[in-house]
Amino acid sequence: MTDTSTLARGGATSAPGRRRGSRRPPRAGGMPAWAVPYVLLVPGMLVIAGLLLYPMVQMAIISFQDISLRVIRGVAEPKWVGLENYRRILDNEIFRSALRNTVVFALVTVTLTLVLGTAVGVLLHRLSKRMSTFVIIGIMSAWAVPPVAQGTIWRWLFDAEAGVINWALNLLPDWLSSLVFGRADWSGQPWLNDSWSVYVVLVLTVVWASFPFVAVSVLAGLKGIPSELYEAARVDGSTPWRTFRTITFPLLKPVFAVLTILSIIWDFKVLSQLYVLLNGPTNREAFNLSLYSYAEAFKAPPKMGTGAAIAIVLTIILLVVTAFYTRQMVKQEDLA
Amino acid sequence: MNPLARKRLTRAALNTAGVLVFLFAVFPVYWMVSTSFKANDQIFTTSFIPFPTHFTVEHVERVLTEGVAGNPIWVYMRNSAIVALGTVLVGSAFALLAATAVARFRFRGRTAFLVTLLVVQMIPCEALVIPLFLNVKRLGLYDNLLGLIVIQVGITLPFGVWMLRTFVAAVPRSLEEAAWIDGASRFTTFRKVLFPLVAPGLVATSIFSFITAWNDLIFALVLMKESSGYTMPVALQYFFGQRGTDWGAIMATSTLMTLPVIAFFLLVQRRMVSGLVAGAVKG
């Protein structure tokens, strides 16, 4: 794409007579027209191939290898071990609990995020303009908090000694607290020691940070639905729930599909928040697959092979779960 | 109940729900900020102190001068900013080129490229840490912010292209054709017609990449060795565990890390949502 200045002034020698009147794109510095998109794609293709696709292949290879410290230093060749890494993780109690933690956490969090987010989206739609802007600014600031800071904030809220949550739970009347939780005194409750309660905190953290996106997207979708439909429903005496089920939900289906899939992708690989809540890869029972993979590969002694095998399992799960959606999108793409 | 009273009641209920949602979303953020301005005797207490009545900037001052892991916090902020800005500069240029290609041209392999973009976004980038770490080490970019920039460009690019192409496609073709008729070259048309019209979308995409790079913990954790090269998320981990937990300093650092992102979010929130959803829905 050189020599553009002469072309711009209409003085191109390579394209005589196309100073005026052509709807066809001019030639780009002597490049044939068919080549232009490919040239534009070169940097992007190189980045995607070199930084995403090739490492993906490498990871699959590493999952069949034993990478010792000497290999990492570059003084030895990796050793092939066949399916050994997979056999090792499948036999491992930690892997099974990590898999369970990952799947259950994703199911619970995606459901809660979508339900709460949709409810808030519908609410925003019914609020006055000023009120809804006020609430949107509020929920946006929760969405914007970086994952690591989300972790520090909720770890602080759930702090055993000086945390606000334990203070608030102590405010509950003793009979109510005993009835619901089976205990009345919450002073010094160490939420982050036990893997079960860590996940309670993690679900809260992630739902808190991700429902705003769902809410605002649902609101954007609702604004696109013609109000006559709702008027007709009202005239027919439809209940709010029925209106939601028969008008809102079907029309917002594409939005919900995207939101579900994005939430699944995000919640399956939550790492930063868990890392902070657990204070690094310490409590092995509370690992999820991403943290387990990281811990295997980078905590002494580094076991890159098993780490990669765990990452492969996580990737395959995600690709399978999202395969249907990807197919839908590809079909739409062909139509466009 | 008469209809008017009923209507008022509904309105009141809706507004109450709105305020509750607002409080649920904002309280944790508020608590972070207020903790960072409280004196220690108001932080480490079992009672609830809603406002810092002994307002102090000692924590902010301490993290900015003394810091953690041997460096003041501004060193880590600078590192984070370098990585995020570097990612945005390189990444958005690449993304714009690729987005123009897929939105403006029909060519062989276009569908294959789009499908690749889509599938690549399903791969958890956390899973690529191991091979990327080994490659960066082999290339001699270990413990170098440049290595981090390269990786972040890779991670943010697919989504950047995906989002940006809807912005490019939204620019009417006839505008470009008009420029061609007037004798403008492809490059001039791009610079004078397409670029200004796509600029808002480019800003939104750039901010998205900036935030992704700014927030990253795992790659910085794995790729940076010396503490002078840590980014904010990594540095934050070093406050935990040394002689008890210094919550004032942690919350002050978290605040410093969060505020720029919140500012960015509020700036582009509308476009971001439409970009995320439209980019994904319309195909």
Side-chain angles (χ1 to χ4, degrees), chain A residues 1 4 7-8 10 19 23 25-26 28 37 40-41 43-44 47 51-52 55 58-59 120 123 126-127 131 135 138-142 144-149 152-153 156 162 167 216-217 220 254 258 269 271-272 279 290 297-298 304 307-308 311 314-315 318-319 322 326 329-330 332-333 336, chain B residues 14-15 17-18 21-22 25-26 28-29 32 44-45 48 94 97-98 100-101 105 107 114-115 118-120 122-124 126-128 130-132 153-154 157 161 177 180-181 183-188 215 217-218 222 233 236 240 247 250 254 257-258 261-262 265-266 269 273 277 280-281 283:
Chain A
M1 294 214 204
T4 45
L7 269 172
R19 192 183 140 87
R23 263 175 176 276
L40 293 176
L41 275 183
V47 166
L51 292 167
L52 298 167
Q58 281 180 301
M59 188 172 66
V120 173
L123 174 69
R126 297 198 53 188
L127 289 175
M131 188 68 190
V135 178
I139 63 177
M140 276 303 190
S141 41
V145 175
V148 170
T152 60
I153 291 174
W156 170 225
W167 170 83
V216 183
S217 308
V258 175
K269 51 178 197 179
L271 181 69
S272 303
N279 202 13
S290 339
F298 295 101
M304 299 272 169
L314 175 63
T315 308
L318 264 178
L319 288 179
T322 53
T326 314
M329 299 268 288
V330 170
Q332 287 177 5
E333 192 59 43
Chain B
L14 288 175
N15 284 340
V21 170
F22 180 86
V26 167
V29 180
M32 166 182 78
F44 298 100
T45 168
F48 179 67
F94 288 7
L97 294 178
T100 309
F105 297 89
F107 54 93
L114 285 171
V115 172
L118 200 60
V119 174
V120 153
M122 309 292 161
I123 299 174
E126 286 77 3
L128 297 177
I130 296 169
L132 287 174
V153 168
L157 190 77
V161 179
E177 283 167 0
W180 292 335
I181 291 169
S185 72
R186 253 184 210 282
F187 184 68
T188 313
N215 287 353
L217 167 70
I218 188 79
V222 165
L236 206 43
F240 292 104
W247 282 111
I250 293 172
S254 302
M257 181 182 170
T258 304
V261 185
I262 291 191
F265 254 67
L266 294 178
Q269 50 116 335
V273 170
V277 177
V281 177

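Worth knowing before you read on, the calculation uses all heavy atoms, side chains too, and leaves out hydrogens, waters and symmetry mates. In what follows, chains are A, B, ... by sequence order, proteins preceding strands, each numbered from 1.
- When heavy atoms are compared at a cutoff of 4.5 Å, Val145(A) approaches chain B by way of both its backbone and its side chain.
- Counting heavy-atom pairs under 4.5 Å between each of Phe94(B), Phe48(B), Phe105(B) and chain A puts Phe48(B) at the top.
- Residue contact with chain B, scored on non-hydrogen atoms closer than 4.5 Å, involves the side chain of Leu123(A) exclusively.
- Only the side chain of Ile250(B) has a heavy atom closer than 4.5 Å to any heavy atom of chain A.
- Looking at Ile130(B), the atoms closer than 4.5 Å to chain A (heavy atoms on both sides) sit in the backbone and in the side chain alike.
- For Val261(B), the parts lying under 4.5 angstrom from a heavy atom of chain A are both the backbone and the side chain.
- Proximity to chain B (any heavy atom under 4.5 Å) is shown, for Leu127(A), by both the backbone and the side chain.
- With Thr322(A) contributing its side chain and Leu318(A) its backbone, the two residues share a donor-acceptor pair below 3.5 Å.
- Atom-to-atom distance recorded for Ser290(A):OG and Lys269(A):NZ is 8.5 Å, nearest 0.5 angstrom.
- Closest of all the heavy-atom pairs between Thr152(A) and Ala149(A) is OG1-O, 2.9 Å.
- With a 4.5 Å cut-off on non-hydrogen atoms, Met304(A) touches chain B through its backbone and its side chain both.
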Applying side-chain contact (heavy atoms from CB on, under 4.5 Å), run through Ser141(A) and Val26(B) and close with a yes or a no.
CA-CA 7 Å; Ser141(A) 41; Val26(B) 167; 4.1 Å; yes

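- Contacts of Val120(B) with chain A are made by side-chain atoms alone, with heavy-atom separations under 4.5 Å and no backbone atom involved.
- For Phe107(B), the ring-ring contact (aromatic ring centres under 6.0 Å, His included) criterion is met by Tyr38(A), not counting sequence neighbours.
- Rounded to the nearest 0.5 angstrom, Leu157(B) CG and Leu51(A) CG are separated by 9.0 Å.
- When Val153(B), Ile218(B), Thr100(B) are compared by the number of non-hydrogen pairs under 4.5 Å with chain A, Ile218(B) comes out ahead.
- In this structure, Met122(B) CE and Thr315(A) OG1 are separated by 13.0 Å, a value rounded to the nearest 0.5 Å.
- With a 4.5 Å cut-off on non-hydrogen atoms, Leu236(B) touches chain A through its side chain but not through its backbone.
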